Undergrad: 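Before I ask anything, here is the structure I am working with.
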Amino acid sequence: MSLQIAQAAVNDANIHFDRLYSYCVPPRLAGRLWPGSMVLVPFGRGNKPRMAVVLDVQEVEDAPDNLKTLLDAAPEEARLTPDLMELVRFLKERTFCTWFEAVKAVIPYGAQYRPAVENGRPVMQSRLTRSTERLYTLTGELPAAPKPGPRQLAAVQALRQGPLTARQLDEVGISKSTLDSLCKKGVLTACEQDKEIDLFAAIPFDPRPITLSPEQQAVFWELLPKLEDAQPHAALLHGVTGSGKTMVFLKLIERTLELGRKALVLVPEISLTPQMIRRLKSTFGSRLAVQHSALNNTERLLQWRRIQQGNADIVVGTRSAVFAPLQNIGLIIMDEEQEHTYQSESAPRYDAHDIAKKRAAMENSLLLFASATPLTETYHAAQCGRLQLVRLQHRYGGKPLPQVDFVDMRAELAAGNPREVSGRLAQELQKNLDHGEQSILLLNRRGYRTVAMCTACGHVLKCPHCSVPLVYHKPQQALMCHHCGHTVQPAPTLCPDCGGKLAYSGFGTQRVEEELSRLLPAARILRMDQDSTTKKNAHETMLAQFARHDYDILLGTQMVAKGLDFEKVSLVGVLGIDSLLFGQGFRAYESVFSLVTQVIGRGGRADIPGRALIQTTVPDHPVLQLAAAQDYEAFYREEITFRKFGLYPPFCAFCVVGFVGDKEQEVLTAAVRFGQLLGETAAKTPQMPLRILGPAPMNIVMLNSKYRYKLTLKCRNDAQFRAVMRQTLDAYDKEKLPAKASVILDFNSDGDI
Ligand code: ADP
Ligand code: ZN
């Protein structure tokens, strides 16, 4: 009799050790396993149950001796479809993650299983107990006798409009006992259904015909053939802020649905999603599903199931939505494609751009990147003809771009203003208040004071677990680490080293908020940063309040810079931008240019013309000058020259190999050794372009009590390079280094990981 053997990859492997293990398939599971099945296997010497994913199933005549047997399998519906398995393979190949890390990225937490014990047997258990609810349907008529009671009549009346859930009926005062007795009489039938959480019930379906401006229409016509021919295509929509890129999206989505296909819309930040959801839901109704990290596990899973079951035509979400199990995708949109949140910062360290390209190729879809400030790489690809380039060069309705001015903060200081808000900015804010107009202020640092330094010995208070300064937070009266959350409460006044007096300096959003309320006592100020938006839906609530003009000034970190569209905003202020200009990493200029251009673009979008003020000590800095002129083309020309000279992407792939461990010396030794191994392996393929830089400490050398070093590689990320890297990882795994550091590979990093 033949037997099945499954090859499986287990959870909790690491990148230099992630092989497949063979298991016998027990008779009760025979024929029920496929590549993509989630299973439970005995692992290691103690045979501890571990989660695994099946990659292959073979029929054999005889199983080798002492082959272990699988313990359990998840139901077939939890299986990864062949499409999703292809994405898993792609992630594994491109990002050097483990099989199981790729699986976890592709299916949401809630859809996953965990090991458990039932009746003494190891089994797999869904991480979520399915929440169901009772649904009642009217299937008969109330008999005239015995005379029905008023509640029974009310129930029947309510159900004439269509089935209702127990909860909905309870809300109108109809109890379970009434419903039970009606079921017994055969008037109603009840069934259990998956609890449907309508996340957007409050948004009305209000479709209005979309009328494009002539410029928008031209872009639409240019893209249309690429949508209609059902071949894979990629394009970049480069449109200035306020040009109405969203309207072009809506029109393309409309056409996609007419063609009987589906649309995937990716947006960068949680704060953008509510606006996008509102526009999509009011235009296209409720066949819309959402995938983003602000959903809780149940919501996320239910949305995921709707997509999987084919009940959504449009999916909108943040980075991970690129894996949505949507089928027959005609259109993939990646809005604000320059945002770094499209790159995952934990394994698998993928870039959603790459996954979107892969999916567009698999599904024959049109992939549309959109931005006012595209990534240098993306724009370069468009220049080289690898992406179709379409442009919106004017704001919708002929609105001018905001008028931008600089405030020289050196002069401000010399004139005796020690505050972070310049006299000029305060005046302009006052003007806006007087005219009933709104303002947005960007300051990309949260907290109150950002540095605590001893006036006697110069010691800067740092986190004991991370090599970064602690930030003073006024509401808690505490020093906090923005990386690991370490808290010192109350904040000290004396130096722990020498007992000297501590001076607090630097400014964050809390401090500026306080200053503004002193300068402009009548202004209603809304602070929006990570600290003020911890509650669920806080973003949405705050943005709605600002839209209603409950506040005059919106002050916040980068979450106020992108995508927002408020008609009464006529003034934008940029504070504390200089430290970002001098930041490390080859993307520093690009990020500043993009941030400043984007935030300036929030102003003057409707009838009131916009103006902006940039506070800086380097008003002549070319990047700030170009951002003020909102001249992307000129910026791109500068930037691409710098990238070419310095050999940075797109002229090479930039790969950071990180080494992380408990002892600094050992982490460094590991990095040195890995560099040697890589050099030796690469020497066997001498024609392969590769430069190895380092080892060097990472910018933040200690994080969460772990030491971190890196090698920086400039290479061509092709199959040949990846094969060399894989051989090096294997060789590194065999090394008998004491306290071997773990290795992390990142192809999207700007230097640190
Ligand atoms: P972008 O994303 O390019 O910065 P938006 O899509 O937010 O710009 O559009 C800017 C503003 O112009 C929005 O208020 C939008 O409603 C309006 N708008 C753009 N195009 C149209 C159009 N075709 N019809 C009506 N309003 C439009
Ligand atoms: Zn810390």
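Atoms within each ligand, like the ligands themselves, are counted from 1 in listed order. Quick note: residue numbers are just sequence positions, from 1. Source: prediction; values computed, not measured.
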Undergrad: Lys245 to ligand 1: N or O pair under 3.5 Å?
TA: yes
Undergrad: So which of Gly244, Ala370, Ser371 gets nearest to atom 9 (O) of ligand 1, if we judge by its closest heavy atom?
TA: Gly244
Undergrad: Is Arg602 positioned over the aromatic face of Phe566, cation under 6.0 angstrom from the ring centre and no more than 45 degrees off axis?
TA: no
Undergrad: Do any of the N, O or S atoms of Cys463 sit under 2.8 Å from the Zn ion (ligand 2)?
TA: yes
Undergrad: Report the part of Asp565 in contact with ligand 1, treating N, CA, C, O as backbone and CB onward as side chain, heavy atoms under 4.0 Å; options are side chain, backbone, both, neither.
TA: side chain
Undergrad: Within the stated cut-off of 2.8 Å, is an N/O/S atom of His482 closer than that to the Zn ion (ligand 2)?
TA: no
Undergrad: Run the side-chain contact (heavy atoms from CB on, under 4.5 Å) check on Arg446 and Ser532 step by step: do they pass?
TA: CA-CA 10 Å; Arg446 59 197 179 90; Ser532 69; over 6 Å; no
Undergrad: Taking 4.0 angstrom as the limit, do Asp351 and Arg319 come out as a salt bridge?
TA: no
Undergrad: Using a distance threshold of 2.8 Å, state whether an N, O or S atom of His483 lies below it from the Zn ion (ligand 2).
TA: no
Undergrad: Any atoms of ligand 1 less than 4.0 Å from a non-hydrogen atom of Arg279? List them with their elements.
TA: 6 (O), 7 (O), 13 (C), 16 (O)
Undergrad: Of the protein's non-hydrogen atoms, which lies at the shortest distance from atom 10 (C) of ligand 1, and what is that distance?
TA: Arg605 NH2, 3.6 Å
Undergrad: For ligand 1, which atoms have a heavy atom of Leu212 less than 4.0 angstrom away?
TA: 23 (N)
Undergrad: Looking just at side-chain N and O atoms, do Thr373 and Gln598 make a donor-acceptor pair shorter than 3.5 Å?
TA: yes
Undergrad: Indicate yes or no: does Arg255 engage Glu228 in a salt bridge with an N to O separation below 4.0 Å.
TA: yes
Undergrad: Got a salt bridge between Arg605 and Glu567, using NZ or NE/NH1/NH2 to carboxylate O under 4.0 Å?
TA: no
Undergrad: Check ligand 1 against Thr241 and write out every atom of the ligand that is under 4.0 Å from a heavy-atom position of the residue.
TA: 4 (O)
Undergrad: For the residue pair Phe284 and Leu250, establish whether any side-chain heavy-atom pair is separated by less than 4.5 Å.
TA: yes
Undergrad: Within a radius of less than 6.0 Å around CZ of Arg208, do more than 12 heavy atoms belonging to other residues, nucleotides or ligands occur?
TA: no
Undergrad: May I have the angle between Cys466 SG and Cys484 SG with its vertex at the Zn ion (ligand 2), rounded to 10°?
TA: 110°
Undergrad: Got an N, O or S from His486 under 2.8 Å of the Zn ion (ligand 2)?
TA: no
Undergrad: Does the distance from a Lys or Arg side-chain N to an Asp or Glu carboxylate O, for Glu540 and Arg278, drop under 4.0 Å?
TA: yes
Undergrad: Between ligand 1 and Gln216, is the shortest N or O to N or O distance under 3.5 Å?
TA: yes
Undergrad: Does a side chain donor of either Glu590 or Thr376 reach within less than 3.5 Å of an acceptor in the other side chain?
TA: yes
Undergrad: Looking at atom 2 (O) of ligand 1, what's its closest protein heavy atom, distance included?
TA: Thr246 OG1, 3.6 Å
Undergrad: Which protein heavy atom lies closest to atom 16 (O) of ligand 1, and at what distance to 0.1 Å?
TA: Met247 CE, 3.8 Å
Undergrad: Starting from atom 19 (C) of ligand 1, which protein heavy atom do you reach first, and at what distance in Å?
TA: Tyr396 CG, 3.3 Å
Undergrad: Any nitrogen or oxygen of Gly242, main chain or side chain, under 3.5 Å from a nitrogen or oxygen of ligand 1?
TA: yes
Undergrad: Which of the numbered atoms in ligand 1 are below 4.0 angstrom from a heavy atom of Thr211?
TA: 22 (C), 23 (N), 24 (N)
Undergrad: Please lay out, stage by stage, how Arg527 and Thr509 fare under the test side-chain contact (heavy atoms from CB on, under 4.5 Å).
TA: CA-CA 7 Å; Arg527 195 186 91 226; Thr509 43; 3.9 Å; yes
